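First the structure, in the form of structure tokens, and then the observations on it.
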Amino acid sequence: MEQRIGSSSQPLEGAGFDPAFIPGLTSPASGRTEDDEPEKESEVAESEESAPEPEETAEESAAEPEEAGADGPVFEASDRRARMVADHRGVRLSLDDQECEFRWDEIGAVETETARFGKRYTVTVHTPDRRWYPIEIEAPARSHFKEWDEQLDAVLDAYFEEDAE
């Protein structure tokens, strides 16, 4: 009778073992070999050398559109934690250290809501793929709600184009 020395169990693979594992997109961590990694590093080094510096081109291209449409309406509201800016470039939301930016062609709808009691002004950006991104901004006074609605409507009228279907 033959006996094996050591464990007969196979090592764990997949999402239970490696949280970065996505079936079909990435291989399990244990399936990677040492030979794969040096090739990837050399490919990255070659691509970095051949590619132009993206920072310089991004700065140059970003400066031109801002100058062209900077004279249009702008909506900006902020409190101690949250901030929203809507202008010719699109809508930018930020909460603490988290930020997101939507170009006008990425936006399906923009919805505003005011709290019945309190001073919270909620703006929700809806995207065409049925996702929404709300942000709550605390106003200094409830009287700012009407002013903010008018300013946001002016920006939406100027830049947001609804598709007629």
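Here the structure is a predicted model, which is why all the values come from computation and not from measurement.
Scored by the salt bridge (Lys or Arg N to Asp or Glu O under 4.0 Å) test, Glu111 finds no partners at all (sequence neighbours excluded). Glu106 pairs by the side chain to side chain donor-acceptor pair (under 3.5 Å) definition with Arg103, not counting sequence neighbours.
Using a 4.5 Å heavy-atom threshold, the side chains of Phe75 and Leu156 count as separate. Inter-residue side-chain proximity for Tyr159 and His88 is flagged as met; some heavy-atom pair is nearer than 4.5 Å.
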Criterion side chain to side chain contact (heavy atoms under 4.5 Å, CB included) on Phe102 and Leu93, from CA distance to verdict: CA-CA 9 Å; Phe102 303 96; Leu93 308 174; 4.0 Å; yes
Full working for side chain to side chain contact (heavy atoms under 4.5 Å, CB included) between Val91 and Trp104: CA-CA 7 Å; Val91 176; Trp104 289 112; 3.8 Å; yes
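Taken from CZ in Phe145 to OG1 in Thr112, the straight-line distance is 10.5 Å, to the nearest 0.5 Å. Rounding to the nearest 0.5 Å places CD1 of Ile135 at 7.5 Å from SG of Cys100. Note: Arg116 CZ to Thr114 OG1 = 11.0 Å, rounded to the nearest 0.5 Å.
For Leu95 against Ala82, the heavy-atom pair with the smallest separation is CD1-CB, 3.9 Å. Residues Ala86 and Leu152 come closest through the heavy atom pair CB-CD1, 4.2 Å. In terms of heavy-atom proximity, Gly108 sits nearest to Phe160 at O-CZ, 3.4 Å. Between Ala158 and Pro73, the closest heavy-atom pair is CB-CG, 3.7 Å.
Under the salt bridge (Lys or Arg N to Asp or Glu O under 4.0 Å) criterion, the residue pairs touching residues 76-87 are Glu76-Arg83, Arg81-Asp96, Asp87-Arg92, with sequence neighbours excluded. Pairs engaging residues 128-147 under the side chain to side chain donor-acceptor pair (under 3.5 Å) rule: Thr127-Asp129 [sequence neighbours left out].
In the hydrophobic clustering of this structure, Trp148 groups with Val110; members are Ile, Leu, Val, Met, Phe, Trp, Tyr whose side-chain heavy atoms approach within less than 4.5 Å, directly or through other members.
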Show me, pair by pair, the donor-acceptor contacts under 3.5 angstrom made by side chains of residues 117-124, not counting sequence neighbours?
| from | atom 1 | to | atom 2 | distance (Å) |
| --- | --- | --- | --- | --- |
| Tyr121 | OH | Asp149 | OD1 | 2.7 |

